[in-house]
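Here the structure comes first, spelled out in structure tokens, and everything after it is commentary.
Just so you know, these numbers use all the heavy atoms, side chains as well, and skip hydrogens, waters and symmetry mates.
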Amino acid sequence: LVAFGYRCQVTEGEIGDWEHFWITFPDGTILDPTADQFKKPDGQPMPKVYIGELPLWYKVTVGNPLALVSQRVLRKGE
């Protein structure tokens with residue numbers, strides 16, 4: 001995506017007990033092209049590709065500081 005002029009970074013994190021990676025944009029939006037390998041906490045399936053705010057069950061461990069800020073903002077709104 002960077003080669004096409006999009007500003008973004010790969011973010012490393014966890015979903016449940018699984019290590020996972022997704023793309024984070026400067027506005028905090030994430031793109032997870034493999035989201036369908038996970039389920040939401042209520043057991044519902046994730047879409048094949050997820051684009052949106054960082055879900056509360058995604059935990060950032062390494063990567064874009066913007067994702068960490070986004071995660072903190074979302075957590076405050078719980």
Side-chain angles (χ1 to χ4, degrees):
L1 291 173
V2 172
F4 292 104
Y6 293 95
R7 289 187 32 207
C8 58
Q9 271 187 299
V10 173
T11 303
E12 181 179 341
E14 296 174 350
I15 300 176
D17 295 329
W18 300 96
E19 182 178 46
H20 192 56
F21 298 86
W22 57 87
I23 298 166
T24 304
F25 294 93
D27 69 354
T29 299
I30 73 160
L31 165 62
D32 184 351
T34 61
D36 64 339
Q37 62 186 317
F38 300 102
K39 294 196 181 304
K40 297 177 185 179
D42 65 3
Q44 295 294 312
M46 287 288 288
K48 288 187 183 288
V49 175
Y50 175 80
I51 301 172
E53 293 181 348
L54 185 69
L56 295 175
W57 57 92
Y58 279 50
K59 306 293 184 211
V60 176
T61 56
V62 178
N64 186 347
L66 290 171
L68 292 170
V69 169
S70 175
Q71 181 171 319
R72 278 191 228 112
V73 168
L74 286 172
R75 301 257 181 271
K76 283 176 68 175
E78 287 184 348

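In this view, Gln37 and Thr34 satisfy the side-chain hydrogen bond (donor to acceptor under 3.5 Å, both in side chains) rule, not counting sequence neighbours. In terms of the ring-ring contact (aromatic ring centres under 6.0 Å, His included) criterion, residue partners of Phe38 (sequence neighbours excluded) are, by chain and number, His20.
By the 4.5 Å heavy-atom criterion applied to side chains, Ile15 and Pro55 are not counted as neighbours. In this structure, Tyr6 and Ile23 have side chains that are not in contact, with every pair of non-hydrogen atoms separated by 4.5 Å or more. You'll find the side chain of Thr11 stays beyond 4.5 Å of the side chain of Leu54, heavy atoms only.
In plain terms, the two heavy atoms of Phe21 and Glu12 that are nearest each other are CE2-CG, 3.5 Å. Of all non-hydrogen atoms in Cys8 and Leu1, the two that sit nearest each other are SG-CB, 3.8 Å.
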Would you be so kind as to tabulate the donor-acceptor pairs closer than 3.5 Å made by side chains of residues 41-51, with sequence neighbours excluded?
residue : atom : partner : partner atom : Å
Asp42   : OD1  : Gln44   : N            : 2.9
Tyr50   : OH   : Glu53   : N            : 3.4
Tyr50   : OH   : Glu53   : O            : 2.5

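Atoms CZ and CG, on Arg7 and Asp27 in that order, are 10.0 Å from each other to the nearest 0.5 Å. Distance check, rounded to the nearest 0.5 Å: CD1 of Ile30 to CZ of Phe25 gives 10.0 Å.
Linking ILVMFWY side-chain heavy atoms closer than 4.5 Å, directly or via other members, places Trp22 and Trp18 in a single hydrophobic cluster.
The closest donor-acceptor contact from the side chain of Lys39 to the backbone of Asp36 lies at 3.5 Å or more, if one exists at all.
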